[in-house]
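Atoms considered below: every heavy atom in the structure, side chains included; atoms not considered: hydrogens, waters and symmetry mates.
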Amino acid sequence: MEVSAGCNPWDEVVELTKAAQEKGYDPLIWAIQIHSHLNSVGESLPSVELADVLVSYICWENNVPILWKFLEKALMLKIVPPMLLLALLSVRVTPCRHFQPAPYRLYLELLRRHVFELKSLINGPNYLKVMKSIDAVLRLSQIFGLTQSEPGILVVEFIFSIVWQLLDASMDDEGLLELTPEKKSKWANLYQEMELDRLDNYNDKKTEHHEKLQNLNTLLAVEMIGQFLQDKISSRILYLARQNMPVHWQSFVQRLQLVGANSLALRKSRTISPEAFIKFASDTRIVLSSQGRKTSSQLKFQGVMAFEYLSSSASLFNGASHSALWIPLDLVLEDAMDGYQVSATSAIEIISGLIKTLRAIHGTSWHDTFLGLWLAALRLVQRERDPIEGPMPHIDTRLCMLLCIIPLVVADFIEEEERTSIHESGNDPTDHWKEKKVPGKCRNDLVSSLQVLGDYQSLLTPPQSIVAAVNQAAAKAMLFVSGITIGSAYFESLSVKEMPIDCSGNMRHLIVEACIARNLLDTSAYLWPGYVNGRINQLPQCLPTQVPGWSSFMKGAALNPAMINALVSSPASSLAELEKIFEIATKGSEDEKISAATILCGASLLQGWNIQEHTVHFIIRLLSPPIPAESIEGNSHLINYAPMLNVLIVGIASVDCVKTFSLLGLVPQLACSLMPICEVFGSCVPNVSWMLTSGEEISAHAVFSNAFILLLKLWRFNRPPLEHGLGDVPTVGSQLTPEYLLLVRNSHLMSSGNIHKDRNRRRLSTIATLSSPNSVFVDSFPKLKVWYRQHQACIASTLSGLVHGTPFHQIVEGLLNMMFKKIHRGNQTSVTSGSSSSSGPGNEDASTRPKLPAWDILEAVPFVVDAALTACAHGRLSPRELATGLKDLADFLPASLATIVSYFSAEVTRGVWKQEQIKKILAATGVDVPSLAPGVSSPAALPLPLAAFVSLTITYKVDRASERFLNLAGPALESLAAGCPWPCMPIVASLWTQKAKRWSDFLVFSASRTVFLHNSDAVVQLLKSCFTATLGINSSPISSNGGVGALLGHGFKSHLCGGICPVAPGILYLRVYRSIRDIVFLTEEIVSILMHSVREIVSSGLPRERLEKLKATRDGIKYGQVSLAASMTRVKLAAALGASLVWLSGGLLLVQLLMKETLPSWFISVHRSEQEEKSDGMVAMLGGFSLAYFAVLCGAFAWGIDSSSSASKRRPKVLGVHMEFLASALDGKISLGCDSATWRAYVSGFVSLMVGCTPNWVLEVDVDVLKRLSNGLRQLNEEELALALLGAGGLGTMGAAAELIIDNEM
């Protein structure tokens, strides 16, 4: 065959093809000629340009059968790229299928034969060029909106587009496109751009054969779609599209569902069913791991990572079974009960994040999650059954957690699920651990969990203090079931003893009432089987019809003293009742405002569990009264509210009340409300007073002192001296400064416009906005800021700057005169404040006390105390006189106690004062100096500042009036004594025990804690005890059978065998760790203890009580006599405990240290032991898995599993460093010293947990690092895991994932 010379190569190809067509050449001969010609002109094969030339030649002027045979031969001999040819045909043939059914039929056949040959595509010589050509033909980047143009990404888009074109064509054929929102094909614009002339050469007359061919084509197209969905490789590529193109996928899935529900062609198919279409459309599982292809290590890991979830035992001391799953939750709940600690973050947010993490890791259902949540909260309450007395939270705080916080947590989850069901398109498409939920599923599981909760009778027994409330809740349900309707006034006066049958209830009745009050349940819960004991036929008739109470108040009864007492002593039952009280507090007379404030701070605050969050909300709003329209000349509007503000401040000052605000996340807002009160009243000269309804007269100093002392309780102002100890990492809680609290509060305000935030954040935003709609900063309170700067300076260095003769010096002298004038009248003993002195008799009139604003006095207090302490040290002032003078100063301005605390703390921790004898200074307190030990001749000794502070605190009475002062001084005294050389704290506790004998157990416990603050070895031993107790290793009377009961026990138990019993190790650690100066060593120690625990688990097997149950294991995997699955359960328990302790002890900083330093160092170091060598790799493998589980849990606890928390912003950097370490080690760039089995188990375990439980983390890792990790995993024969990692990596790794699927035929 000859062709004309001088033409370009493609013109010659057309001429060759035309000649072969006319002469009817065999397609093979034509193909050989084309191949030879292209070789002669240097065209590489397969040729991209040839594909375009051939398709353009055929469509549509030369649409004859022989040319389609030429196409087929060109594909077989690989002189054209198959995928490009199919792409070209799809946009030319598909839109013309109604007029050209035969070409469409031929296209479908070519598609069936060649579209799955993707391996030859990615391994071909012109892979990149071919994919760019396909992109240009199908407008893939434009249509799907992806900026990346890697060839692997284009492969995914190509397969997706081919299937979608078939889908739209089939829908159009059956008239189903009209049912879509767009009512047209996604590819309609692309088809129009091709400028196809479908009508010029073909008439539109349809024959019967024509219609049959069209119908057959529709059936073939539908079956072709089914083949894509069922094929192993293409279906996984489509799942990559689902993960990374969620908006397009949603539209695609809607069309699949329409076809599945309405296609007649699909119903006729013998190869795929409508159900298969619908299942594929609704299936949100990640299927990148094909069944039956897992490597051995994955089988081991995934087979045992499913936690053994046993719920048969309701005992508080049940072993490592049901409760073990929730040990992190138990620890967090108990940790929240620390009376010395307040949190700027609500317990609702902390617990919600923890629950999300535990659900993600363990894959528990909502039923099991809610059940675990209720059981953990009930265990928290039960640990307070036999409490010790002391300045610490008690049963009210624990009940707030169970009956207010936990229901609010549940409410947030239910709202999130039901909102997600409505706005599902707004979901984060990478949050794959969540299964697609049916509306109401979460709420239904709450119901089922509460029904099952009735089986846990040992946990449901109510504490004695709330038996009446429990029984009343049970009686309410019984009356409802009996069909008896009574007024609330009648019910308030009804005693359970007067009921005709037994109406005794349990804790479940209160839980149900708390859920009903928050619209989580309705009264149908009263009809649950076993919820009530029976029915009532009639009620006693001899009951009063009207008693003072909430019901009569709501009906208009006067707010007289009897009514006030009734409302203070009983909690409100509804929001409407609180709203009426709040209205009185804002609009009533002065006396009514004070009464309303008193009522709000009564039982409704501590025991109004059903409305507790609303009570604190109203109190916060009353603490920030609105500024009147008419400005008050020269005064703040707060002055007019002084009596009510003082009642509120005093009313919420108790430990349990402050903890309630803390649990609800209102500490930042409370601080913001107290700061202007302190600023205003601290600036007032105390020449004005107010009379309360009780007859008590209060001054501006009193209002200021009460507000200031409460404000200081909201951050650990007394802690900074100890936090400047050893180590680079400060202890947890040091960020609680005034600036930080306002920053958190302002963040609540700024987030008020976000309608998609959760209920808790919405609640906090509402409160912040109503209290003060603008951001607030410390600069708004200049007096407070000056004091705070002085406080910090006092901590950092010794006092300086007192100049003789200045007004400030005169204030110092005046205060010294006030403190010591009565003591020194008639003699010449002097107390100096530098170069001057104050001595001799003076005016005894109390009116000579300084008439100064409180801020001026506080500024002078450090210099006053310094002068007094110096005089005592040099013998110019007796110890008794020092103690009396300090008490006079504190009585004059109670707020000065705070500055005294900060000064004494600084003096002792700076080591300015050496040890001094304390016998004389403590003589004023009326207590005896304790002996340290028999045979010790030297007297006990304390640093002078500490001794002076002890003597000051002991002068306070242990009563409600002094409670708010002792609650400030107590923690400071304990911290101060704990920071001094041993045995200062035992001496202080011994002295205080003589003062408050009923606090003896608490004081002994406080003293015992200081052992751990002075000895890091003791801390390590305590950590070991936590692990051995939890795991039931080397069981002792304390550890029992392990689990939560052994770790946390019943809290403090006293009066057993004549004294306090041993405290569970977990309780002890939770009350110690915040005071440990150097926490850096904890991560290494916990890792070491964890690995030791793994060896103990393998070597000791299981507790005897469970050996019989585990003789035959389900998995059948055994190493020697130890069941792998059973051992893994306990290993996971140890890892969960370790992760919890790391997170609680150091938060983000310790987790960062763990990821960046501790774990890499551990893997690089050499670890060998006889147990490992004798266990055939069992210890090594389980050790690696335990470290993986431990590391992921640490990260999840600290950062969360998603990006909803502020802490998650720190995750990418820290995680990136750790992943770089893993990749570098797999690359061989880092030499490892650990066992290879341990390393392999760690890498596979860590990556498996990330991919399956925290996929958001994968998206934050550098793409190159992910690819290197994937390659390393493949070298470990972990192909499936390597693929899963790439599949979870987002768009950046989608191409690599697709190529891995294709290349390995996965």
Side-chain angles (χ1 to χ4, degrees), residues 395-396 399-400 402-408 411 462 465-481 484-496 498-499 503 505-526 531-532 539 543-557 559 562-585 595-619 651 657 660 664:
I395 192 64
D396 287 332
L399 289 171
C400 172
L402 171 67
L403 300 173
C404 177
I405 301 300
I406 300 302
L408 290 174
S465 61
I466 61 168
V467 167
V470 166
N471 291 343
Q472 191 175 51
K476 179 181 178 182
M478 187 173 291
L479 291 170
F480 177 87
V481 171
I484 298 176
T485 303
I486 60 173
S488 55
Y490 188 92
F491 190 74
E492 286 176 1
S493 64
L494 184 64
S495 170
V496 173
E498 296 166 333
M499 297 289 283
C503 291
N506 58 38
M507 295 300 295
R508 184 168 68 142
H509 292 97
L510 289 183
I511 293 173
V512 168
E513 289 300 320
C515 291
I516 291 175
R518 294 170 176 89
N519 297 317
L520 304 177
L521 301 173
D522 56 32
T523 51
S524 63
Y526 298 155
Y531 190 76
V532 297
L539 287 174
L543 296 174
T545 58
Q546 188 77 13
V547 294
W550 286 100
S551 57
S552 55
F553 168 70
M554 294 299 287
K555 292 178 181 178
L559 203 60
M563 177 64 73
I564 293 171
N565 290 335
L567 301 188
V568 168
S569 59
S570 62
S573 60
S574 69
L575 177 58
E577 294 169 349
L578 288 180
E579 288 174 336
K580 186 170 182 179
I581 288 293
F582 178 73
E583 184 178 6
I584 293 174
S595 299
T598 304
I599 292 167
L600 283 175
C601 296
S604 294
L605 175 57
L606 284 181
Q607 296 166 2
W609 308 296
N610 297 345
I611 41 83
Q612 211 160 19
E613 65 270 29
H614 302 295
T615 306
V616 297
H617 177 188
F618 287 132
I619 291 174
C657 289
T660 299
L664 286 164

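Rounded to the nearest 0.5 angstrom, N610 CG and L575 CG are separated by 12.0 Å. Taken to the nearest 0.5 Å, the CD1 atom of I466 stands 9.0 Å off from the CD atom of Q607. Taken to the nearest 0.5 Å, the OG1 atom of T615 stands 10.0 Å off from the CG atom of L606. A distance of 5.0 Å separates CG in L520 from SG in C515, rounded to the nearest 0.5 Å. To the nearest 0.5 Å, atom CG of residue L510 and atom CG of residue N471 are 9.5 Å apart. Atom OG of S552 and atom NZ of K555 lie 8.0 Å apart (nearest 0.5 Å).
With a 4.5 Å cut-off on side-chain heavy atoms, Y531 and V481 do not count as touching. You'll find the side chain of I611 stays beyond 4.5 Å of the side chain of S573, heavy atoms only. L664 has its side chain within reach of L408: a pair of non-hydrogen atoms, C-beta onward, lies under 4.5 Å apart. You'll find the side chain of I599 stays beyond 4.5 Å of the side chain of F553, heavy atoms only. Side-chain contact check for L402 versus W609: every heavy-atom pair is 4.5 Å or farther apart. Two residues are said to be in side-chain contact when any heavy atoms from C-beta on lie closer than 4.5 Å; S604 and W550 meet this criterion.
Here the closest heavy-atom approach between residue H509 and residue A473 is recorded as CB-CB, 3.9 Å. For the pair L605 and Q612, the tightest heavy-atom approach, listed with the atom from each and the gap, is O-NE2, 2.7 Å. A514 approaches L403 most closely through the heavy-atom pair CB-O, 3.3 Å. Of all the heavy atoms in G651 and C657, the pair that sits closest is O-SG, 3.7 Å. Scanning both residues, V532 and A474, for their nearest heavy atoms gives CG1-O, 4.4 Å.
By the ring pair (Phe, Tyr, Trp, His ring centres under 6.0 Å) test, H617 is found to be paired with no residue, residues two or more places apart in sequence or in another chain being considered.
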Without placing hydrogens or testing angles, list every side-chain donor-acceptor pair under 3.5 Å for residues 562-571, not counting sequence neighbours.
from: N565; atom 1: ND2; to: P561; atom 2: O; distance (Å): 3.2
from: S569; atom 1: OG; to: N565; atom 2: O; distance (Å): 2.9
from: S569; atom 1: OG; to: A566; atom 2: O; distance (Å): 3.1
from: S570; atom 1: OG; to: A566; atom 2: O; distance (Å): 2.8

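Sorted by first then second residue, the side chain to side chain donor-acceptor pair (under 3.5 Å) pairs that include residues 511-524, not counting sequence neighbours, are K476-E513, E513-Y526, R518-E613, D522-S524.
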